[in-house]
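Everything numeric here is computed off the predicted structure, so don't read it as measured data.
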Amino acid sequence: MTQPWHDLTLRTVTPAFLGRFGTPDDQTAIVPFPVPSLRGVLAYWLRSLAGAHLGNIDHLHAVESAVFGSARTEQSGGPSPVLLRGGRVPLSALAADSQPDGFRYLMGPGLLAKKDKDGKKVPSPRFLKPGTLELRVRVTGSPASTDLFLAALWGLRAFGGIGARSRRGFGTIAIDQVPDLGTSHFNLEWLQRDGVADLVSVLNSVAAAIDEIDLGIERKKVKSAELPSYPCFAERYYRHSRDDEDELLRGGRDGWRAALDNAGTWLREFRHGGDRRTAVPQPTVGAHSRTYTDVVQSFLNSSAPGRWTQDGPATAAALGLPIPYSDHQGRRDERGKPTQRVAMINAYVKGQKARRASPLWLRVRHDGSAWRLRSLAFYSEWLPPSPDAGLTVTWRRHSASVDLLTEAQVRAELERWF
């Protein structure tokens, strides 16, 4: 019997950045909703939930493949039992220069970039405005595979977002219509609520579904003394804020811009070493974080960058890599003005540049009366153990090694957020 399609109505609560398109900025780009990107972020949340019960990355891949498919081999793989369809959506160009400072800070340099690495102009980032997003879903697998798909959807709704910069408040979704799918252990009521109190129940349903789907693997929890090599909800290796903890703004649904601006201001103050919840004046012009002062500035000012010594840890790296820094303290030009210097702190693994996504997820949400910030941090392996990994700071042709943060330093910086 062919399984029917079910309606899955999502609503974007904050803007979702879904790419750049070559249409003029004053025209709306009508494009197919990027279903693969949705499947990708759902797979992330499935891994984070299932990973709490496995402790083995090969087993984790087996669970992911059972729900979202993978390339077929002689032993495993095949198509996904979860089919998703999305219509065409309107994406508008964002006038980034006219946005509040905190909003722009959340966007980050990647979305604010006007030129690519070769100096060519790039189209403005396009965003999906807050509003209804109609999708359809069909699950051809067992009720246990449906459980795992819905658990991933719960994780996306509770903690994550869709599109670029999902870790920083953009792309928040709500679920307006829960699909009427047959389940085995997952309670559909969990999707109708927007609270973190259901996390333990969701984790239990995931464990039961893994057992039922019969992948030939044995569940094994992450040991309390072992740091997980991937972000997961293993006991003691994650932390989230209370639902009523961080109020950004009072007001209705149309206050998303101001709420995101406040969230960006909180993040900026935090990375400058301040208390994110304290209302403080805007940073003075030219103010930088301790990482800039202790690492980047001393490197840029050194007469011999290759033999430079840093003055403190690169604490900002705890929230993701690479990190760009710029100032206007270089040599003076013909008009007597200091020139801009641009430096980058990069990670590398086995001699190749690597990225380290932020372990801190930020979700800007509306609870009906106020805009709030829900925070989640994963305490997982920051970079692979030395000597395979390292950090460098680079400016022009100059480059120097930067001391790695210890796992304790990374955790302390994340704890400071809470």
Exercise. Among pairs that include at least one residue of residues 137-165, which meet side chain to side chain donor-acceptor pair (under 3.5 Å), considering only residues two or more places apart or in two chains?
Worked result: none
Would you say the ring centroid of [X] lies under 6.0 angstrom from that of [Y]?
X: Trp45; Y: Trp361; result: yes
X: Phe103; Y: Phe170; result: yes
X: Phe186; Y: Trp190; result: yes

For [Y], does its backbone N or O pair with a side-chain atom of [X] as donor and acceptor, under 3.5 Å?
X: His53; Y: Leu203; value: yes
X: Ser65; Y: His61; value: no
X: Asp311; Y: Val295; value: no
X: Arg167; Y: Ser358; value: yes
X: Gln352; Y: Val349; value: no
X: Ser92; Y: Thr28; value: no
X: Arg20; Y: Pro123; value: yes
X: Arg363; Y: Ile173; value: yes
X: Arg271; Y: Ala316; value: yes
X: Asn262; Y: Leu248; value: yes

Return yes if a side-chain donor-acceptor contact under 3.5 Å exists between [X] and [Y], otherwise no.
X: Glu134; Y: Thr9; answer: yes
X: Arg39; Y: Ser80; answer: yes
X: Glu415; Y: Tyr379; answer: yes
X: Asp261; Y: Tyr105; answer: no
X: His185; Y: Glu212; answer: yes

Seminar exercise, completed: Applying ring-ring contact (aromatic ring centres under 6.0 Å, His included) to Phe68 and not counting sequence neighbours gives none
Exercise. Relative to each other, are the rings of Phe159 and His240 parallel, tilted or perpendicular (30° and 60° limits)?
Worked result: tilted
For this session: Just jot down the salt bridge (Lys or Arg N to Asp or Glu O under 4.0 Å) partners of Arg85, sequence neighbours excluded, or say none.
Result: none
Problem set entry | Check against salt bridge (charged side-chain N to carboxylate O under 4.0 Å, His left out), Arg372 and Asp246 | CA-CA 6 Å; Arg372 299 184 184 276; Asp246 289 327; over 6 Å; no
Problem set entry | Test ring pair (Phe, Tyr, Trp, His ring centres under 6.0 Å) applied to Tyr238 and Phe233, step by step | CA-CA 6 Å; Tyr238 71 92; Phe233 288 100; 5.1 Å; yes
For this session: Show the numbers, then the answer: is there a ring pair (Phe, Tyr, Trp, His ring centres under 6.0 Å) between Trp417 and Phe270?
Result: CA-CA 7 Å; Trp417 176 263; Phe270 173 79; 5.0 Å; yes
Exercise. Taking 4.0 angstrom as the limit, do Asp194 and Arg374 come out as a salt bridge?
Worked result: yes
Problem set entry | Arg356 to Tyr348 six-membered ring, cation-pi geometry met (6.0 Å, 45°) | no
